[in-house]
Colleague: 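Starting off with a structure, shown below.
No experiment lies behind these values; they were computed from the predicted model shown. Letters A, B, ... are given to chains in the order of the sequence lines, protein chains preceding strands, and every chain is numbered from 1.
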Number of protein chains: 2
Amino acid sequence: MPIPIPGQAVRGSKTGKPIMALLDLLGRTWSLGIIWQLQLGPATFRALQQRCEQISPSLLNTRLKELVTLKLVTKNANGYALTPQGVSLFTIIAPLGDWSNDWARQINAPTDSSLKE
Amino acid sequence: MPIPIPGQAVRGSKTGKPIMALLDLLGRTWSLGIIWQLQLGPATFRALQQRCEQISPSLLNTRLKELVTLKLVTKNANGYALTPQGVSLFTIIAPLGDWSNDWARQINAPTDSSLKE
DNA sequence: TAGCTTGCTACACATTTAGTAGCAAGAGGT
DNA sequence: ACCTCTTGCTACTAAATGTGTAGCAAGCTA
């Protein structure tokens, strides 16, 4: 699976537009989840695996390599952490936390008929 | 693959937290892309297929069903469109467009050594 | 040096996505 | 009514991805 480099063709898009590379990256299983979890603080490989509810080590390693190549995550002696760019990406998606709670409420909102009961 | 309903266990997470359902949903191929494209305006099935660079109809249909079930997209006589909730989600992720351009510049940034040449 | 923990790699199996073909239903023309 | 075109989708196969378990090398610690 080629890493989606902005400026090159990626899965589903030949235009090379950075946004398409980003959407490809974020559209991969656990990409967003790893960023979300790392934002809680740096973590070692195994610690990160646990935060991600036992994601398989093979996939975790694949995702981490992608994220490191794309400069969203770095690896140092203490484990993995978001880069400044990773943090700035997280800043954008952070509101999804609150948004998802509202969304959950609306999806499970009482219907007109159930309100009558 | 079951549709990730907030409040229930989803792929990779048993907690039922809405954010995990959302990350599961957005982590599926073309989910973000479809929302991104629909924001340009409503579209018929085939028009949407073209906007998404010939995404296969089977996958498009699968994704659309998920998005409709989760109330991010609606279907009417004129085709598919974002719901108010879909629009509000888009509002959050809209900055990714500009962000991805900056990111592309940094990834392809000249290195120290190439600067010397 | 025996016994942990950590950071992975290997591999077989399961699920998801891609790609192509094509059909049923409706619109428009003749 | 009949032909033709478009639209919205379903079916099916092949390829790509993800899951899950096992386990190994390296670095502590005792």
Colleague: State, with a plain yes or no, whether a side-chain heavy atom of B:L26 is found less than 4.5 Å away from one of A:L96.
Modeller: yes
Colleague: May I have all residue pairs that pass ring pair (Phe, Tyr, Trp, His ring centres under 6.0 Å) and include part of residues 46-70 of chain A, sequence neighbours excluded?
Modeller: none
Colleague: Can you name the side-chain hydrogen bond (donor to acceptor under 3.5 Å, both in side chains) partners of A:W103, sequence neighbours left out?
Modeller: none
Colleague: Rounded to whole angstrom units, what separation is found between the CZ atom of B:R28 and the P atom of D:dT17?
Modeller: 17 Å
Colleague: Just to verify, what does A:T62 make a side-chain hydrogen bond (donor to acceptor under 3.5 Å, both in side chains) with, not counting sequence neighbours?
Modeller: none
Colleague: If an axis is fit to five pairs at each end of the helix from C:dT1-D:dA30 to C:dT30-D:dA1, what is the angle between the two, to the nearest 10°?
Modeller: 20°
Colleague: If you assign A:G79 and B:E66 each to the DNA chain C nucleotide with the nearest heavy atom, which residue ends up on the more 5' nucleotide?
Modeller: A:G79
Colleague: Just the rounded figure in Å: distance from P of D:dT7 to OH of B:Y80.
Modeller: 14 Å
Colleague: Closer to the 5' end of DNA chain C via nearest nucleotide, is it B:M1 or A:T44?
Modeller: A:T44
Colleague: Scan residues 65-85 of chain A for pairs that pass side chain to side chain donor-acceptor pair (under 3.5 Å), counting only residues two or more places apart or in two chains.
Modeller: A:R28-A:E66, A:R63-A:E66, A:Q85-B:Q106
Colleague: List the residues meeting side-chain hydrogen bond (donor to acceptor under 3.5 Å, both in side chains) with A:T44, not counting sequence neighbours, and say none if there are none.
Modeller: none
Colleague: Quick one: ring-ring contact (aromatic ring centres under 6.0 Å, His included) partners of B:F45, sequence neighbours excluded?
Modeller: none
Colleague: Scan for salt bridge (charged side-chain N to carboxylate O under 4.0 Å, His left out) pairs involving residues 33-59 of chain B, sequence neighbours excluded, and state none if there are none.
Modeller: none
Colleague: Taking B:P57's backbone N and O only, do any of them form a donor-acceptor pair with B:N61's side chain (distance below 3.5 Å, no angle check)?
Modeller: no
Colleague: Under 4.0 Å from any atom of DNA chain C, heavy atoms only: list the residues of residues 7-26 of chain B that qualify, in numerical order.
Modeller: none
Colleague: If Ile, Leu, Val, Met, Phe, Trp and Tyr residues are connected whenever their side-chain heavy atoms lie under 4.5 Å apart, and connections chain through other members, are B:M1 and B:I55 in the same group?
Modeller: no
Colleague: Would you grab the first and last nucleotide of DNA chain C (5' to 3') that comes under 4.0 Å of any non-hydrogen atom in chain A?
Modeller: C:dT6 to C:dA10
Colleague: Report the distance from atom CG of A:D98 to atom CG of A:D102, rounding to the nearest 0.5 Å.
Modeller: 7.0 Å
Colleague: Enumerate the residues from residues 47-64 of chain A whose closest heavy atom to DNA chain C is under 4.0 Å, giving them by residue number; use none for an empty result.
Modeller: A:P57, A:S58, A:N61
Colleague: A side-chain contact here means heavy atoms from C-beta on lying under 4.5 Å apart; do B:L72 and B:L25 qualify?
Modeller: yes
Colleague: Go through the structure and list residues passing side-chain hydrogen bond (donor to acceptor under 3.5 Å, both in side chains) with B:Q39, not counting sequence neighbours.
Modeller: none
